[in-house]
Amino acid sequence: MATVRARHWLRGGDAVLAAGAVMVAVQLVWKFELVRRTYFRQDDFMFIARGLESQLSWDYLMRIDFGHLMPGAFAIHWMMGRLGVYNDVLAHGLTIGLQAAAGLALLRLLRLLFGPRPAILVPLGFFLLTPMTIPGLSWWAVVAETLPFQIALPMALCSHVLFTRTGRMRHAVAAAGWTAFGMVFFVKAPFIPVLAFVLTVGWLGGRRLWRAWLLYLGVLVPYAVVFFRQLFTSVQLTNDTFHAELPAAGVAVKAAWTLLTGSLVPTSLGGPWRWQSIGEDYALAATPPVLGWASVAVAAVAVTVSVMWRRRAWLAWLTLLGYFLLADVAPIMLGRVETLGPDLSGFELRYVSSTAVVVALAIGLAFIPVQGEEQPWRRPSTRLRWAWAPVAAAFAAGSVWSVAAYADRPLGANVRSYVRTAEAALARVPAGSVVLDTHVPPKVAFAAFFYDYARHSRVLGPTAPHGISWTSRLAGPVADPLIFDRQGRLSPVRIDGITIPAGAACTPVGRDEVRFRLPTALGYGEHTVQISYLNGAETTLNVRLGLAQTAVPAGENLGRTFAPITGAGAELAIRAIGPASCVGEIRIGAPVPAEDAAPVPPQPVR
């Protein structure tokens with residue numbers, strides 16, 4: 001009896017389903033070792049800071065960020081900011097949960113489309129192992145966009161397949177719902193009905209399904225209206241709206257070719273095998289040219305063999321190519337290629353990470369008969385029964401190698417240390433402390449890209465447990481200002497540059513200018529002047545450097561005042577507006593952390 005039940009279990013496909021579920025679980029353990037070492041980076045800080053300063057409103061959710069309409073991701077960032085600000089444990093948990101759902105959704109689609117045959121474990125294994133998705137898993141902003149889409153795409157296609165087989169409208173409604181869910185997160189989701197159409201025409205009989213197509217159109221049209229309206233009205237960080245700028249033909253072709261042969265094809269075969277670091281926590285594909293051409297050759301052989309043996313395999317590969325050109329290449333042509341260049345954009349795997357689901361589907365359609373398909377083979381399929389095994393073994397070995405090579409870097413360790421050290425520093429200094437609002441280090445967020453969202457007040461201000469007085473520049477008699485050092489600690493400010501030492505006594509300054517010759521002429525730029533004084537009463541000091549001048553208050557008794565000034569010259573002139581002053585040491589330069597003072601905390605948080 002037990003033997004009969006076991007045979008029935010195997011014939012029923014339960015073993016295949018169980019094997020697929022185990023594969024999904026194993027890859028989660030494998031990838032968690034990478035994910036747990038990551039931390040928030042670059043855009044993540046801007047998105048969370050923007051969520052913290054915004055209401056959960058239409059304007060907040062529907063703002064297009066450089067071509068991306070992602071209200072669902074913005075909602076997650078809004079929630080994340082209120083659940084611990086930089087709660088990486090929550091982010092890691094969501095990442096693994098979404099990855100699990102994406103794997104199970106694809107398993108369901110493959111089982112539904114091809115039946116419970118062991119062959120479906122091959123495209124599933126591709127999706128679970130491919131390094132194509134790895135850089136995206138290490139970047140929270142990419143996770144929040146792409147993983148919900150990787151769930152929505154197979155789930156929508158599952159519902160569409162069920163509708164074509166049963167004619168029940170509830171399945172078409174479910175397909176439309178999953179498509180809308182994908183649209184909430186990712187701009188590539190409108191291509192889901194296109195894939196459903198090709199799947200129907202090529203493999204599901206091409207029967208008349210006008211009710212479903214009208215329903216899908218009812219989802220696509222409102223989305224398109226909202227998308228293009230927001231695209232041309234959303235104000236970017238540059239304080240400008242979107243302008244479509246197509247690159248030159250040569251640049252466009254090179255970028256598309258590089259993305260295909262340097263990113264998509266090699267990672268579909270276990271590459272890129274080598275990475276080019278971008279900072280400490282991210283990397284681009286750096287496929288060796290020889291391996292890149294070898295990948296193209298292997299892919300060409302695989303496509304040729306499938307077309308010779310499998311009916312309509314050509315349509316599977318043509319669908320993949322069309323999706324790649326329309327969903328992956330076209331969006332980056334509208335501004336990003338000109339900004340990043342064809343090489344940088346061509347080796348950026350996050351542009352193709354979500355395509356892994358489509359590649360897995362194309363592999364299945366090119367080599368496995370669809371359930372109920374008549375005459376699927378041009379030649380006897382028995383000749384190809386085990387031809388896939390050495391290719392799969394090489395792919396698995398290459399994938400493990402590539403992922404291990406990607407993980408061989410600090411990932412989020414140094415950024416996490418900086419942020420947590422800064423959080424500890426803000427918690428330890430007294431409430432109301434004056435902190436110079438400088439930009440965070442480039443490893444945290446590039447000021448050239450994120451402007452004021454790369455300032456400490458935006459990135460770290462929300463983590464302070466009490467009020468901090470942020471100032472963008474030192475002006476006037478600021479008491480004990482602090483500044484962040486390169487490790488995230490707070491130190492007293494020191495003006496680094498030229499020093500005019502005090503004499504035996506301070507220098508009286510009245511309404512007439514007193515000129516101080518500088519040891520070295522200053523070039524044009526923004527300078528901070530620190531003036532020590534001894535005053536009998538509050539006054540105002542007028543400070544001039546060349547043709548530039550500014551006026552700052554100076555308090556009573558012994559103290560110091562700061563004067564920000566943008567100019568150039570070989571001497572500094574000071575005069576008093578009001579009661580006379582007596583000036584001591586003068587420093588001119590840039591504010592930096594004082595090396596001879598004890599920072600807070602004494603050691604960075606590791």
Side-chain angles (χ1 to χ4, degrees), residues 10 15-16 18-20 22-27 30-31 103 106-107 110-111 113-134 260-275 285-314 316-317 320-321 349 352 355-370 376-406:
L10 291 173
V16 173
V22 170
M23 289 170 63
V24 172
V26 170
Q27 65 97 27
W30 177 51
K31 289 179 178 176
L106 179 61
L107 175 61
L110 295 173
R111 187 177 187 275
L113 199 57
F114 303 109
R117 62 185 71 188
I120 66 173
L121 300 179
V122 175
L124 176 65
F126 162 81
F127 173 73
L128 300 179
L129 284 176
T130 177
M132 192 184 305
T133 62
I134 293 303
L260 177 66
T261 62
S263 293
L264 182 67
V265 173
T267 54
S268 296
L269 293 168
W273 304 284
R274 195 167 67 192
W275 304 89
T287 309
V290 173
L291 293 178
W293 285 111
S295 300
V296 172
V298 171
V301 170
V303 170
T304 301
V305 169
S306 66
V307 170
M308 290 176 60
W309 258 264
R310 174 88 167 89
R311 296 185 187 277
R312 288 182 294 279
W314 62 271
W317 300 122
L320 174 60
L321 179 61
L349 288 185
V352 296
T355 307
V357 181
V358 184
V359 177
L361 180 60
I363 291 172
L365 292 172
F367 290 101
I368 306 173
V370 173
W377 302 103
R378 295 181 185 274
R379 292 172 172 80
S381 62
T382 53
R383 298 180 183 179
L384 295 176
R385 184 175 298 276
W386 297 106
W388 60 271
V391 178
F395 164 78
S399 296
V400 172
W401 174 279
S402 295
V403 174
Y406 186 89

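Scope of the values below: all heavy atoms of this structure, side chains included, with no hydrogens, waters or symmetry mates. Each residue takes its place number in the sequence, starting with 1. Note that the coordinates shown come from a computational prediction; the quantities given were computed from them, not determined experimentally.
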Of all the heavy-atom pairs spanning A286 and P272, show the shortest one and how long it is.
N-CB, 4.2 Å
Side chains of V122 and F367 in contact at under 4.5 Å (non-hydrogen atoms):
no
Would you find a donor on one side and an acceptor on the other, under 3.5 Å apart, between the side chain of S263 and the backbone of L349?
no
Can you give the donor-acceptor pairs under 3.5 Å from side chains of residues 125-134 to other protein atoms, not counting sequence neighbours?
| from | atom 1 | to | atom 2 | distance (Å) |
| --- | --- | --- | --- | --- |
| T130 | OG1 | M132 | N | 3.1 |
| T130 | OG1 | T267 | O | 2.8 |
| T133 | OG1 | T130 | O | 3.4 |

Taking every heavy atom of R310 against every heavy atom of P369, the minimum-distance pair comes out as NH2-CA, 3.5 Å
Could you tell me the separation between the CG atom of L260 and the CG atom of L321, rounded to the nearest 0.5 Å?
7.5 Å
Could you pull out all residues at least two apart from W293 that satisfy side-chain contact (heavy atoms from CB on, under 4.5 Å)?
W257
Listed partners of A119 passing side-chain contact (heavy atoms from CB on, under 4.5 Å), at least two apart:
R117, I368
What closest approach, in Å, do P123 and A360 show between heavy atoms, and which atom pair accounts for it?
CB-O, 3.3 Å
Got a sec, which residues hit side chain to side chain donor-acceptor pair (under 3.5 Å) with T355, two or more places apart in sequence or on another chain?
D328
CG on L361 to CG on L106, rounded to 0.5 Å:
8.0 Å
Can you check side chain to side chain contact (heavy atoms under 4.5 Å, CB included) on T261 and T287, steps first, answer last?
CA-CA 9 Å; T261 62; T287 309; over 6 Å; no
Rounded to the nearest 0.5 Å, what's the gap from CZ on R312 to CG on L365? Could you check?
10.0 Å
For a 4.5 angstrom cut-off between non-hydrogen side-chain atoms, does Q27 reach V24?
yes
Could you list the residues that satisfy side-chain contact (heavy atoms from CB on, under 4.5 Å) with A362, not counting sequence neighbours?
W317, L320
Listed by chain and number, what are the side chain to side chain donor-acceptor pair (under 3.5 Å) partners of W273, not counting sequence neighbours?
none
Who passes side-chain contact (heavy atoms from CB on, under 4.5 Å) against P118, sequence neighbours left out?
V16
Search all heavy atoms of W30 against all heavy atoms of V400 and return the closest pair with its distance.
CZ2-CA, 4.2 Å
Closest non-hydrogen atom pair, V359 against S268:
CG1-OG, 4.0 Å
Nearest heavy-atom neighbours spanning S306 and A313
O-CB, 3.4 Å
Between CG of L124 and CE of M23, what distance do you get to the nearest 0.5 Å?
4.5 Å
